[in-house]
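Letters go in sequence order (proteins before strands), and every chain restarts at 1.
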Amino acid sequence: MSRYFVTTAISYPNGRPHIGHAYEVIATDWLARFARLDGRDTYFMTGTDEHGLKIAQAARKEGVTPQAFVDAMVQHFVAMCDKLNISRDRFIRTTDPDHKQVVQALWKKLEEAGDIYLDRYEGWYSVRDEAYYDEEDLVVAEDGTKLAPTGTEVSWTVEESWFFRLSRFQEPLLKLYADQPEFVQPSNRMNEMRAFVERGLKDLSISRTSFDWGVPVPGSDNHVMYVWLDALTNYLTPSGWPAAGWEAKWPADLHVIGKDVVRFHAIYWPAFLMSAGLPLPGKVFGHGFVLNRGAKMSKSLGNIVEPMGLADSFGVDQLRYYLLRAIQFGQDGEWSHEAIARRINADLANDLGNLAQRTLSMIAKNCNGEVPVDGPALPEDEALVTQVSAMLEEARAAHAAVRPDLALDAIWARVSDVNAYLNEMAPWSLRKTDPARADVVLYHAAECIRRIAILVQPAMPESAARLLDQLSVAETDRDFAAFAKCLKPGTQLPGPQGIFPRWMEPEEDAAQ
RNA sequence: GGCGGGGUAGCUCAGCUGGUUAGAGCACAGGAUUCAUAACCCUGAGGCCGCGGGUUCAAGUCCCGCCCCCGCUACCA
């Protein structure tokens, strides 16, 4: 059985989750659910990156310990996953004990490989911010002192730091990109990474002594590991490496990440793994951002979109569907109230919802509420089934390409086909002239809806399950292996119930 | 500044190595219909294909110049 290990980036919980977090985890959930339904041995991980200066500072501001701070904040991320029906196999936290062990083991391995050495890190440091700043970001005050962008004073500081010999990996990385041009997707990101590496790589400072909220460096107690070495290693943690049997859960097939962290995943992470002699992940996919009416979300603009409330007002599946369908995966996309409302009505209520409703209610009224009798199929019936069947391979191709939007495009094209088929066949008229033929038409429509519902599951698990319930499809016949396993005539159906209600603005609702 | 991508219907986008009247979805208008969630189905309107030159029998598609937008350009993640 082919394995599919997919991850999201781990979120930095210095604030509550916003729609960007929801987007990434929903898209990755789609990938994981799809793989599971396709019979693959799937492992899906998401989680939180809990160390580092910003967490320590945020905790201090609230007067709590960093651990207490993250324990509280992580709740919101877990709650979001629960709310959004995220089928993760593990929610990893970088404060988990097994993670710390793996990171320290990896450190030792890099050290053994001769890729870690002690040196000094120099830069403009702000004691107040506990952070280094680039020369070009500094502003000079009237009295000539240099200030950080935050307005605090900086001074040239030299700090002892461990370094990773990233420079050694320039050629190996370029070879990786040449051998596996799809290692980084979309391709424009690959080009950016290649250009970055071609410019030359400097060694990477991978420890800090200026704060202590992190994983201690083995044998160097005053150092904590620098964020990215700690964070990236989360992907390796569930394998239990270097303990025996780690090969069962490493390497990952796919890291789904935001476009802002592509460099860390496409350059640093493979370099660390190469140094340790470990296999590399199959692919890194950098998705775009969800923009609020075209504007980037930020705390200062006060336009951050919060996912939990959206799931409450529009529905979890509706929110999932919108994010997966309306945004081309890999590009930036737009969020707006109007846009999701349009999608809900056009795609879910009018197209799929209405298709199911009209078909199932005709069956309920005219076929004793049973799957109608199939009969001799006309070319039109066969053409429809052929079209609808092709959808599975189209969806698989979209999954392989990490494009949930394309999979849904393909599925909805079929929804439209089935609606057109019904209009053309007009079973409501046939009922009066040729009832047996009307049954055959309804049978084919219902069968197509079953197939569509099976493929809709990764995007909208709850709604698809309700639809399959209404078709009396057994729980065990809902994976892709059952795709071609047709409805049995005579099966009792529970009777139609609307699955995708139209979206009405609350004030309209109240007025009626 | 350097490197890369892009500017096509109101909106989001397809248009591969140049070749019949430039396409899709949504939104809009009309028609048909009434099985269905005022839905579905059909038809239509809507486009100096960023601007200006050039190559060619023929350019959204190639070449040159210009304008505008976006991404990357290492230690906050």
Side-chain angles (χ1 to χ4, degrees), chain A residues 9-14 49 51-55 57 121 123 129-134 137 148-150 161 163-164 166 186-208 226-231 258-264 267-268 286 288 294 325-328 331-334 336 338-339 342-366 405 409 412-413 415-431 438 441-442 445 496-504:
Chain A
I10 48 176
S11 306
Y12 201 65
N14 61 340
D49 170 20
H51 292 127
L53 176 67
K54 289 205 170 177
I55 294 287
Q57 287 174 332
Y121 184 78
D129 299 346
E130 299 178 35
Y132 285 89
Y133 292 96
D134 282 347
D137 294 334
T150 51
S161 171
F163 280 79
F164 173 72
L166 185 65
S187 57
N188 59 322
R189 300 293 165 200
M190 175 80 274
N191 294 338
E192 288 171 6
M193 292 304 106
R194 189 182 293 112
F196 184 97
V197 174
E198 282 171 349
R199 272 192 289 270
L201 294 174
K202 291 190 286 187
D203 288 348
L204 198 62
S205 162
I206 52 166
S207 80
R208 281 298 152 81
Y226 195 52
V227 285
W228 278 103
L229 179 58
D230 174 9
K259 64 181 184 181
D260 54 333
V261 293
V262 171
R263 196 175 72 230
F264 304 96
I267 298 175
Y268 300 170
R325 176 85 197 273
I327 301 173
Q328 298 184 65
Q331 312 273 146
D332 286 350
E334 209 164 300
S336 75
E338 295 77 14
R342 265 199 301 275
R343 282 283 174 185
I344 287 173
N345 286 343
D347 298 359
L348 301 183
N350 295 354
D351 289 349
L352 179 56
N354 184 49
L355 170 63
Q357 186 73 3
R358 66 197 297 212
T359 305
L360 291 169
S361 52
M362 277 187 273
I363 290 174
K365 287 174 191 167
N366 300 299
D405 54 308
D409 284 348
W412 255 258
V415 171
S416 193
D417 289 340
V418 183
N419 267 319
Y421 167 83
L422 279 179
N423 279 57
E424 197 179 329
M425 297 298 126
W428 50 92
S429 302
L430 287 171
R431 181 63 50 199
V441 168
L442 289 179
Q497 280 189 319
I499 293 173
F500 297 111
R502 290 183 64 76
W503 169 259
M504 310 259 274

Which whole-number value in Å describes the distance from [X] [atom1] to [N] [atom2]?
X	N	atom1	atom2	answer
A:Asn419	B:rC42	CG	C1'	13 Å
A:Leu422	B:rC42	CG	P	12 Å
A:Ile327	B:rG25	CD1	C1'	16 Å
A:Leu430	B:rC35	CG	C1'	11 Å
A:Asp347	B:rC40	CG	P	11 Å
A:Asn345	B:rA38	CG	C1'	12 Å
A:Arg343	B:rC11	CZ	P	16 Å
A:Leu348	B:rC40	CG	P	13 Å

**Test: A:Asp347 and A:Arg342 ion pair at under 4.0 Å** =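 Looking at A:Asp347 and A:Arg342, the cut-off is not met.
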For RNA chain B, the expected dot-bracket line (Watson-Crick or G-U under 3.5 Å, [ ] crossing, | inter-strand) is (((((((..((((.....[...)))).((((.........)))).....(((((..]....))))))))))))....
Is the closest side-chain heavy-atom distance between [X] and [Y] below 4.5 Å?
X	Y	answer
A:Tyr226	A:Ser207	no
A:Arg431	A:Leu442	yes
A:Lys54	A:Val227	no
A:Pro427	A:Leu422	yes

Requested in this report: Can you establish whether the number of heavy atoms outside A:Glu424 located under 6.0 Å from its atom CD is more than 12?
Outcome: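 Count not over threshold, so no.
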**Prompt:** Has the side chain of A:Asn423 got a donor or acceptor atom sitting under 3.5 Å from an opposite partner on the base of B:rC40?
**Reply:**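 For A:Asn423, whose side chain was compared with the base of B:rC40, there is a donor-acceptor pair (under 3.5 Å).
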**Asked** Between the base of B:rA36 and the side chain of A:Asn354, is there a donor-acceptor distance below 3.5 Å?
**Response**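 Check passes, donor-acceptor contact within cut-off.
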Open item on the list: So A:Glu424, base contact, sugar-phosphate only, or nothing? Heavy-atom distance under 4.0 Å.
Closed with: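 A:Glu424: no heavy atom of the nucleic acid under 4.0 Å.
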Q: Pick base, sugar-phosphate or nothing for A:Ile55, based on heavy-atom distances below 4.0 Å to the nucleic acid.
A: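 The residue A:Ile55 makes no contact with any strand.
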Who passes ring-ring contact (aromatic ring centres under 6.0 Å, His included) against A:Tyr268, sequence neighbours left out?
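Partners of A:Tyr268 under the ring-ring contact (aromatic ring centres under 6.0 Å, His included) test: A:Phe264.
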* **Residue-phosphate contact under 4.0 Å: A:Ser416 side-chain N/O, B:rC41 OP1/OP2** =>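 Answer yes for this pair, as a side-chain N or O of A:Ser416 is under 4.0 Å from OP1 or OP2.
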Original post:
Hey, mind stepping through A:Lys259 and A:Asp332 against side chain to side chain contact (heavy atoms under 4.5 Å, CB included) and telling me if it holds?
Top reply: CA-CA 9 Å; A:Lys259 64 181 184 181; A:Asp332 286 350; 2.9 Å; yes
Note to self: On RNA chain B, compare the nucleotides closest to A:Ala356 and A:Ala195; which residue's is nearer the 5' end?
What the structure shows: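 Its nucleotide being nearer the 5' end, the pick is A:Ala195.
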#### Entry: Residue whose nearest RNA chain B nucleotide is more 5′ - A:Arg325 or A:Met362
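Closer to the 5' end of RNA chain B: A:Arg325.
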Worksheet entry | A:Val441 to A:Tyr421 - nearest heavy-atom pair and separation |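 Distance-wise, the nearest heavy atoms are CA-OH, 3.5 Å.
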Under a 4.0 Å heavy-atom criterion, the protein footprint on nucleotides 69-77 of chain B, written with B, S and -, is --BSSBBBB
